[in-house]
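These notes are about the structure you will find just below.
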Amino acid sequence: MTKDVMVTISGFHVEEEESDTIEMVHIGQYFERNDTQYLLYDEQLEGMSEPVKNRIKIRKGKMELQKRGPVTTNMVFEEGKRESSTYAIPYGSFLMETYTKKVEFHLEEDCLKAKAFYELNINGVRYAKCEVRIKAQSKKTFQL
């Protein structure tokens with residue numbers, strides 16, 4: 001896959017009887033090192049002058065999302081494990097705990113696809129069952 005990619009992040013949350021879907025597309029960079037796939041991209045949030053710098057690391061059974069800037073966190077999704085992280089935004093922070101059921105990833109010539117299925121607790125309260133999907137495509141072959 002090429003270095004310059006389009007990164008699509010889709011998040012699905014199911015809380016009791018309600019569900020929510022979020023999808024974002026960013027210009028990013030891809031590289032591989034020691035059997036680990038890396039995606040880097042900046043995210044410009046409304047009302048903030050400084051971008052949030054994101055790094056996603058993906059390997060078999062594990063995915064990590066690190067955010068730096070006005071928003072900071074280091075979320076780890078590893079199959080069969082419970083992980084805690086602090087999610088800090090300019091207005092405060094909260095504790096997030098994930099229990100990851102499954103992590104999948106598939107790499108093709110011009111496309112990387114990854115998914116994590118997990119349960120999310122916020123400040124010790126069960127929040128939702130979630131899924132995050134990540135798709136990185138070479139800019140020249142990009143399709144939503």
Let me check something: do [X] and [Y] share a hydrophobic cluster, defined by ILVMFWY side-chain heavy atoms less than 4.5 Å apart, either directly or through other members?
X: Val25; Y: Ile27; result: yes
X: Leu120; Y: Val76; result: no
X: Ile22; Y: Val132; result: yes
X: Phe12; Y: Ile122; result: no

- From CG (Leu107) to CD1 (Ile58), nearest 0.5 Å: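 The CD1 atom of Ile58 is 9.5 Å from CG of Leu107, to the nearest 0.5 Å.
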- Message: Within this structure, what is the OG1-CD distance for the pair Thr100 and Glu83, rounded to the nearest 0.5 Å?
- Response: 7.0 Å
- Item | ring pair (Phe, Tyr, Trp, His ring centres under 6.0 Å) partners of residues 106-136, not counting sequence neighbours, each pair once | Phe77-Tyr118
- Please, which pairs that meet ring pair (Phe, Tyr, Trp, His ring centres under 6.0 Å) have at least one residue in residues 18-72, sequence neighbours excluded? His26-Tyr41, Phe31-Tyr38
Do the side chains of [Y] and [X] get nearer than 4.5 Å, heavy atoms only?
X: Cys111; Y: Lys135; answer: yes
X: Thr8; Y: Phe142; answer: yes
X: Met63; Y: Ile56; answer: yes
X: Leu39; Y: Leu112; answer: yes

- Task: Tell me, please, which residues at least two apart from Tyr99 pass ring pair (Phe, Tyr, Trp, His ring centres under 6.0 Å).
- Result: none
- Task: Check step by step if side chain to side chain contact (heavy atoms under 4.5 Å, CB included) holds for Thr72 and Lys67.
- Result: CA-CA 5 Å; Thr72 60; Lys67 293 180 172 284; 5.7 Å; no
Listed partners of [X] passing side-chain contact (heavy atoms from CB on, under 4.5 Å), at least two apart:
X: Gln29; answer: Lys3, Asp4, Leu40
X: Ser85; answer: Thr73, Met75, Met96
X: Ile89; answer: Val71, Tyr87, Tyr91
X: Ser84; answer: Leu95, Glu97

Applying salt bridge (Lys or Arg N to Asp or Glu O under 4.0 Å), name anything that partners [X], two or more places apart in sequence or on another chain.
X: Glu64; value: Lys57, Lys62
X: Arg55; value: none
X: Glu79; value: none

If every non-hydrogen atom of [X] is compared with every non-hydrogen atom of [Y], which pair is closest and at what distance?
X: Ser93; Y: Thr86; result: CB-CG2, 3.9 Å
X: His13; Y: Cys130; result: CD2-SG, 3.0 Å
X: Pro70; Y: Pro90; result: O-CD, 3.3 Å

- Return each pair, listed once, that meets salt bridge (Lys or Arg N to Asp or Glu O under 4.0 Å) where at least one residue sits in residues 109-130; pairs must be two or more places apart or across chains. Lys101-Glu119
- Task: Would you mind listing every salt bridge (Lys or Arg N to Asp or Glu O under 4.0 Å) that reaches into residues 31-42, with sequence neighbours excluded?
- Result: Asp42-Lys53
- Task: Would you tell me whether Ser10 and Glu23 have side-chain atoms, one donor and one acceptor, within less than 3.5 Å of each other?
- Result: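 The criterion, which ignores hydrogens and geometry beyond distance, is satisfied for Glu23 and Ser10.
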- Query: Sub-3.5 Å donor-acceptor pair from the side chain of Glu78 to the main-chain atoms of Arg82, do we have one?
  - Reply: no
